[in-house]
Amino acid sequence: MGSSNPILNSEQLTKARHSEKAMTLGGTIRKALIALIMLIATAGYSYYLTVTGTLSPKVFIGCLIFAFIIGLVTSFSPRIAPITTPIYAAVEGILIGNISAVYEATYGMIVLQAALLTIAIIAGTLICYATGIVKVTHRFRSIVIGLTFGVLIFYLLTMILQLFHVPVPFMHQSGTIGLIVSLAILIIASLNLFLDFDLITSSIKHGAPKHFEWYCAFGLLVTVIWIYVEALRFLSRLRN
């Protein structure tokens with residue numbers, strides 16, 4: 001019942017077991033929708049502020065740091081997820097809105113395309129999981145976890161190289177290699193949805209407590225945001 005998403009893992013489920021009311025699928029869906037609506041609402045406002053030039057770069061940096069901290073805290077403290085998940089969604093919305101506005105100004109109509117691609121990926125993975133076309137086995141889980149950590153290390157190395165002004169062409173520029181790398185990362189992000197779906201159903205089956213609905217909604221939100229950002233990158237390189 002592990003997941004490459006650090007928010008959803010069996011260790012946290014074990015710690016939270018034997019509690020009050022058990023989580024349900026309907027409750028988890030409702031929590032995820034609430035978080036998504038908050039994300040979209042603040043993203044729309046942030047998009048407007050960015051377009052009008054009234055969103056300060058300091059606000060963006062502050063939100064970036066705050067989102068990282070609150071995300072880390074929630075991942076280790078699932079009981080506070082009912083409080084932190086809506087806050088995280090709102091803060092992430094500010095970041096997503098700003099990023100979307102920048103991409104839209106450069107490419108035009110790319111935000112709508114990225115949103116539709118994200119929805120298609122979510123729908124496709126959910127159908128494949130629900131119908132049993134894709135089964136989350138131990139080997140499947142291990143491979144996705146390994147690939148996800150590989151992407152994380154890749155991002156960290158890229159950031160370190162940038163600090164020393166060392167260019168990484170295939171990471172920030174177009175071209176065949178850049179397009180392949182971007183597509184590969186998008187696929188890996190999408191595969192994480194299978195692990196998230198599987199952990200949610202497993203958590204329900206094992207009677208995880210009610211607050212786990214917010215915890216799972218938080219994990220799904222993290223994955224969806226990742227997919228959307230990677231969709232923007234992939235489509236931008238495809239345009240180029």
Side-chain angles (χ1 to χ4, degrees), residues 2-9 39 64 67-68 71 75 92 95-96 98-100 102-104 106-164 166-200 218-240:
S3 172
S4 60
N5 187 329
I7 313 307
L8 302 173
N9 57 74
L39 175 78
L64 187 64
F68 174 76
S75 66
E92 276 290 343
L95 299 173
I96 292 299
N98 178 267
I99 294 171
S100 298
V102 173
Y103 271 92
E104 187 70 13
T106 305
Y107 297 98
M109 294 300 292
I110 195 172
V111 170
L112 177 60
Q113 291 178 345
L116 291 176
L117 179 57
T118 302
I119 293 172
I121 290 173
I122 295 172
T125 53
L126 182 58
I127 291 173
C128 289
Y129 177 78
T131 57
I133 295 177
V134 175
K135 297 183 183 296
V136 181
T137 62
H138 178 72
R139 183 176 182 182
F140 179 89
R141 187 180 299 113
S142 299
I143 292 174
V144 175
I145 290 173
L147 291 173
T148 303
F149 274 108
V151 172
L152 176 61
I153 293 172
F154 174 69
Y155 278 145
L156 290 175
L157 289 176
T158 300
M159 292 173 62
I160 293 173
L161 289 173
Q162 284 183 320
L163 290 176
F164 292 96
V166 178
V168 186
F170 54 84
M171 185 62 188
H172 299 288
Q173 297 180 9
S174 302
T176 304
I177 297 179
L179 189 62
I180 293 174
V181 170
S182 184
L183 178 60
I185 295 176
L186 178 59
I187 292 173
I188 293 171
S190 303
L191 290 176
N192 275 266
L193 284 174
F194 288 112
L195 304 192
D196 295 343
F197 295 150
D198 186 63
L199 188 65
I200 290 172
F218 175 59
L220 282 172
L221 190 67
V222 171
T223 304
V224 170
I225 290 172
W226 184 21
I227 292 173
Y228 173 73
V229 172
E230 293 303 335
L232 280 175
R233 289 180 176 177
F234 173 70
L235 290 173
S236 67
R237 290 175 181 174
L238 204 57
R239 293 279 193 93
N240 289 336

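Model, not experiment: these values are computed from the prediction.
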In chain order, what residues pass the salt bridge (Lys or Arg N to Asp or Glu O under 4.0 Å) check against Glu92, with sequence neighbours excluded?
none
The reported gap from OG1 in Thr118 to CD1 in Ile225 (rounded to nearest 0.5 angstrom) is 10.5 Å
Apply side-chain contact (heavy atoms from CB on, under 4.5 Å) to residues Leu195 and Tyr129 and explain how you reach the verdict.
CA-CA 10 Å; Leu195 304 192; Tyr129 177 78; over 6 Å; no
Residue pair Leu232 / Tyr107, side-chain heavy-atom distance below 4.5 Å
no
For the residue pair Asn192 and Trp226, establish whether any side-chain heavy-atom pair is separated by less than 4.5 Å.
yes
Close side-chain approach of Leu191 and Ile143, heavy atoms under 4.5 Å:
no
Could you report the tightest heavy-atom contact between Leu95 and Ala67, atom names first, then the distance?
CD1-CB, 4.2 Å
Side chain to side chain, Val224 and Leu39, heavy atoms closer than 4.5 Å
no
Looking only at atom types and distance, does a side-chain atom of Glu230 sit under 3.5 Å from a main-chain N or O of Ile185, one as donor and one as acceptor?
no
Met109 and Arg239 have their tightest heavy-atom pair at C-NH2, 3.8 Å
Quick one: pull up CD1 in Ile96 and OH in Tyr228 and give me the separation to the nearest 0.5 Å.
6.5 Å
List the steps, then state whether side-chain contact (heavy atoms from CB on, under 4.5 Å) holds for Leu186 with Ile121.
CA-CA 10 Å; Leu186 178 59; Ile121 290 173; 4.1 Å; yes
Leu235 and Tyr103: CA distance, side-chain angles, deciding distance, side-chain contact (heavy atoms from CB on, under 4.5 Å) verdict:
CA-CA 10 Å; Leu235 290 173; Tyr103 271 92; over 6 Å; no
Heavy atoms, side chains only, cut-off 4.5 Å: are Ile153 and Leu157 in contact?
yes
Could you check whether the rings of Phe140 and Phe194 sit parallel, tilted or perpendicular, using 30° and 60° as the cut-offs?
perpendicular
Heavy-atom side-chain contact between Ile122 and Leu193 under 4.5 Å:
yes
Between Leu117 and Ile227, is a side-chain contact (heavy atoms from CB on, under 4.5 Å) present by the stated rule, with each step listed?
CA-CA 9 Å; Leu117 179 57; Ile227 292 173; over 6 Å; no
With a 3.5 Å distance limit and no angle check, can you tell me whether Ser182 reaches the backbone of Leu179 through a side-chain donor-acceptor pair?
no
Using 0.5 Å steps for rounding, measure from the CD atom of Glu104 to the CD atom of Gln113.
9.0 Å
